[in-house]
Amino acid sequence: MTDTVQSINLPISGMSCASCVSHVEGALKEVPGISQVVVNLGTNKASLVYDPQRAGLADMKRAVEDVGYDIPTSEITLDVRGMTCASCVAHVEGALKELSGVQEAVVNLGLATARVVYIPGVVTSSAMKRAVRDVGYEAAERSAGTDALDRERQVREDEIKHQGRNLLIAGTIGMIVMIGTFYDMLGPLKSLVPEFLSYKWVIGLLTTPIVFGPGRQFFSNSWRGLKHGVTDMNLLYATGIGAAYGIAVINTIFPKAGFGGEGATFFESAALLTTFIILGRWLEALTRGRTSEAIRKLMKLQPKIARVVRSDGREEEIPAEEVEIGDLIQVRPGEGIPVDGMVADGYSAVDESMLTGESLPVEKKIGDTVIGGTLNKTGAFKFNATRVGKDTALAQIIKLVEDAQASKAPIQKLADWVAGHFILGVHMLAVAVFIFWFFFGYQMFFNPASSFILSPYKLGEIGVFGFSLLLSVTVLVISCPCAVGLATPSAMMAGTGKAAEYGVLFKGAEAIENASHLQTIVFDKTGTLTRGEPSVTDVISNDLLDSSQSLILRLAASAEKNSEHPLGEAIVHGAQKWGLILEDSETFNSIPGHGVVANVAGQTVLLGNRKLMQENEVDFTALMNQAETLEANGKTVMFVAVDGKPSGLIAVADTLKEYSVEAIQRLHKMGIETVMITGDNQRTAQAIAHQVGIDRVLAEVLPQDKAEEVKKLQALGKKVGMVGDGVNDAPALAQAEIGMAIGSGTDVAKETGDVILIKDDIRDVVTALEVARATMRKVKQNLFWAFIYNSLGIPVGAGLLYPFVSVIISPEIAGLFMAISSITVTLNTLLLKGFKPTIRLKEQHHLIPVSVPAGD
Amino acid sequence: MDKDQMEMHVSRQSVMIYMPVSMGAALAFLLAASLSGSYPLVAKIGGTVWVGLLSLIVSMPVITSRVKRHVKLQ
């Protein structure tokens with residue numbers, strides 16, 4: 001085999017027989033560059049010999065998929081240590097993507113993770129870890145659940161401790177260096193400071209441990225990266241600190257060398273620059289973890305212990321992860337519920353706010369489901385475990401939020417690209433600045449009386465080289481795009497976490513970005529705007545007869561008592577709501593397509609449509625106007641005749657959900673156009689739309705055509721969101737820019753859509769949009785702060801203002817500004833923690849007693 | 001060729017390119033400084049070293065990654 005030919009074993013899924021083998025072999029053999037193919041049905045693998053220059057994995061995957069099979073992929077999350085900026089992200093992603101078999105690699109700087117989609121067997125996790133290590137970072141496989149939590153916390157605490165220790169050393173010695181440097185300006189305080197501290201060689205000796213102790217990390221990290229052809233922020237720091245220190249040493253040891261002599265020993269620049277950069281790192285480590293608090297809070301919800309009731313009645317405490325499906329678990333007042341299950345005995349109220357955002361405790365009785373991680377309030381109960389381990393609602397939600405936080409929004413990809421290419425650009429700019437000031441600027445503009453900003457230190461003795469070098473170093477330090485790298489991921493993490501607090505789960509950062517741009521929201525009617533269950537809305541009695549509304553409803557409900565028809569059930573429920581006592585019918589006859597005939601308390605009750613009345617010659621002329629008015633409002637009218645006389649009407653309709661009107665009003669205030677899509681006829685649909693306040697109606701749309709209607713709206717140039725039940729509306733949810741699956745409960749993994757609304761509360765659509773908009777606002781603010789700093793800092797650092805004001809920025813002040821920029825971005829992101837959706841601020845609980853027709 | 005061998009090969013080939021490139025830039029600076037004015041010798045040498053160092057920093061990653069890509073394709 002020559003060097004240009006490689007072999008590979010690809011896993012293939014979906015093969016069931018020998019013909020599958022020949023299909024896959026045939027498909028792969030047709031790919032140019034593949035010379036040998038052997039497919040093994042037993043191992044579900046294809047062994048290939050191929051020329052990598054002519055055939056890639058993508059070609060092989062396409063060929064296999066074209067004939068109906070698949071190359072399965074797996075996913076792994078690596079914890080990556082040592083990343084500090086967006087260029088680190090690009091390096092780690094690049095290293096992983098270079099590996100054969102890696103399909104996708106997404107690195108999250110905020111979480112310090114890399115999510116890799118790969119073909120098992122082609123590439124291993126150890127190869128990935130090695131690739132990451134090779135570009136200068138540490139990688140370890142991420143463990144699940146609380147282990148990951150502990151590990152992440154440990155890593156963060158280590159980083160805080162490490163940088164804190166560095167800061168303590170650099171800060172303390174740096175302060176002494178500062179005092180020594182400005183000894184002559186201390187005035188009356190001079191007597192408190194030993195004079196030897198002002199000696200240049202003493203200042204040099206004090207600066208040396210700062211540069212080679214706490215500052216060593218920048219040199220070693222940048223060298224490790226350079227060896228593998230990558231540059232990062234560390235290189236900017238290393239060049240800046242190294243240059244300031246090197247020149248100071250030369251000027252101290254060889255003052256006559258011509259670099260500016262003793263007047264240009266910028267030891268304090270090297271010392272304070274190192275200190276400020278470390279201060280920035282330490283503050284970042286402190287604040288960065290707080291943006292991922294949401295996930296930590298979720299992980300903490302998982303109780304560690306479960307009290308299992310054994311078959312002999314004995315209670316045994318076991319670790320929650322050892323609970324098995326079917327185990328009977330005892331929960332006492334105030335205890336956390338360890339896994340998902342169904343109440344088997346007892347009654348209680350459970351606080352589910354931590355998972356669903358529902359502020360009121362939810363009553364639980366026999367047969368109700370309970371969610372692991374929620375908190376039992378008052379009573380005690382036993383339940384049977386139905387979902388355990390990674391299948392529990394809590395585990396699914398954690399996974400979803402983690403995935404969302406590890407994903408990348410389009411705006412972030414752009415910011416990462418800019419930051420990643422920035423470093424080289426900055427070094428090139430530093431060369432240009434040096435050359436300009438060396439050959440032209442110094443001779444044209446240098447003023448010996450000039451000084452540094454915020455410093456009485458004069459530049460008098462500095463020569464052409466020292467001056468040009470200072471400006472060049474300042475450009476290197478001030479250009480550092482750390483804040484650009486943090487701007488988007490930190491806000492996205494805070495946003496997805498905040499949304500999860502209110503029971504809104506975004507499936508990725510892209511979903512947040514897209515949701516913030518939505519202009520139109522399409523609502524499916526049944527089950528989304530309405531309850532999807534008919535109920536009694538009007539009862540009308542015939543004034544000409546001696547009948548009352550309650551009598552009519554009682555007789556009708558008694559007649560329908562054993563009916564399974566949805567309209568019959570609605571009448572029975574309606575009577576129960578009115579508090580009526582129902583009687584058993586003596587006889588009951590269902591007439592399909594017409595209604596029912598029954599004998600109740602010695603009276604013959606006819607209940608059904610017009611046709612039933614006509615066939616039984618009951619004249620409803622007196623009530624016909626009212627019947628038509630009800631029908632015009634989209635309600636289904638049932639005629640009630642007692643002993644052959646027209647006694648009254650009962651109208652049944654689907655009812656609006658509790659908060660539909662409020663949610664639509666709120667969306668209008670946000671400038672969103674609302675559209676309702678339904679299979680109902682135009683008149684009925686308009687009636688509902690009118691009641692709920694919807695702008696536009698798409699009526700008589702078959703379920704399979706909903707996606708097409710969404711496409712038509714998109715063709716008008718609108719950014720469309722679709723809200724539906726997530727199962728029947730899957731194609732439309734997929735077609736929309738953002739699909740929101742509402743009321744999905746806690747089995748979130750099965751849900752389609754980009755946004756999952758756990759609760760059956762349509763106001764969460766508003767919450768989702770508000771969180772998305774707030775997050776993107778934060779991203780834009782962060783990017784503004786990050787870029788404005790660099791945009792203003794670079795020209796000033798390069799000496800653009802020097803000819804006019806005769807002051808330049810010293811490297812240490814540039815370092816301080818750089819640290820402030822990162823901190824500004826992180827603190828700005830933390831403001832999202834205080835965000836509350838407007839709906840939650842109001843928390844109005846009012847039932848809207850309007851009615852709409854059943855059906856869809 | 002295993003990964004370590006390849007890395008070694010890439011490093012060697014890259015050095016052969018980026019060293020002359022950065023040294024060329026440094027020499028160009030020295031030449032310009034010598035011809036264009038009466039700069040002190042240390043300023044000329046300091047400038048040459050600084051321009052050489054920055055050129056090395058700029059060229060090293062660019063050339064190394066290009067060579068790596070080229071070697072992989074081979």
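A note on names: the letters A, B, ... follow the listed sequences, proteins ahead of strands, and every chain is numbered from 1.
Here the closest non-hydrogen pair linking Phe434(A) and Gly47(B) is CZ-CA, 3.5 Å.
Heavy atoms closer than 4.5 Å to chain A are found in both the backbone and the side chain of Ala32(B). Heavy atoms closer than 4.5 Å to chain A are found nowhere in Tyr18(B), neither backbone nor side chain.
Taking the side chain as every heavy atom from C-beta outward, Thr239(A) and Trp50(B) approach each other to under 4.5 Å.
Considering CD1 of Ile57(B) and CG of Leu476(A), their distance stands at 7.5 Å, rounded to 0.5 Å. A distance of 7.5 Å separates CG of Leu53(B) from NE2 of His427(A), quoted to the nearest 0.5 Å.
Highest contact tally toward chain A, considering only Ser36(B), Ala25(B), Ser55(B), Ala33(B), is held by Ala33(B) [criterion: heavy-atom pairs under 4.5 Å].
Of the possible polar contacts, none joining the Tyr39(B) side chain to the Phe465(A) backbone as a donor-acceptor pair under 3.5 Å is found.
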